[in-house]
Amino acid sequence: MTLNEVKEALSVDFTDHDVYIQSLIDYAIARAKVMVGTTDIYNLDGEMRADVRQAIIQDITSMYQARDGSATSLGSTIIYRSISQRPMF
């Protein structure tokens, strides 16, 4: 997942928030790995799963709109739970 992909999804066409957006990307990917399991977010060919990619975009969008980084998407949590092999409490 690249900065340009995420900026396109956010409809951001300026560079002022690039560092902030990159930090959201890093956080959202780390969250996905914890929620699902590190290897479970990638297909056998090493590409990120489409459903996980969408969940990460949802998280980043929610956090970017909140601007304080605290909001994550309920939709992403549902996706992560649906593919996780670990129990969620």
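All residue numbers refer to positions in the sequence shown, counting from 1.
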Heavy-atom pair of closest approach, residues V12 and Y64: CG2-OH, 3.7 Å
Within this structure, what is the OG1-CD1 distance for the pair T2 and I25, rounded to the nearest 0.5 Å? 7.0 Å
What distance separates I60 CD1 from I21 CD1, expressed to the nearest 0.5 Å? 9.0 Å
What salt bridge (charged side-chain N to carboxylate O under 4.0 Å, His left out) pairs are there with at least one residue in residues 8-17, not counting sequence neighbours? none
How far apart are the closest heavy atoms of V6 and I57, and which atoms are they? CG2-CD1, 4.0 Å
Could you give the side-chain donor-acceptor pairs of residues 44-53 under 3.5 Å, partners two or more places apart or in another chain?
residue : atom : partner : partner atom : Å
D45     : OD1  : E47     : N            : 3.0
R49     : NE   : D51     : OD1          : 3.0
R49     : NH2  : D51     : OD2          : 2.7
R53     : NH1  : E5      : OE2          : 3.2

Working to the nearest 0.5 Å, report the span between CD1 of I79 and CD of Q54. 6.5 Å
Grouping I, L, V, M, F, W and Y whenever their side-chain heavy atoms are under 4.5 Å apart, do F14 and Y20 come out in a common cluster? yes
Could you pull out the closest heavy-atom pair between I41 and A32, with the gap in Å? CG2-O, 3.9 Å
Test side chain to side chain contact (heavy atoms under 4.5 Å, CB included) applied to T15 - qualifying residues, sequence neighbours left out: K7, D18
When rounded to the nearest 0.5 Å, the distance separating CE of M63 from CG of L10 is 10.0 Å
Quick one: list whatever passes salt bridge (charged side-chain N to carboxylate O under 4.0 Å, His left out) with D26, sequence neighbours left out. none
To the nearest 0.5 Å, how far apart are CZ in R31 and CG in D59? 4.5 Å
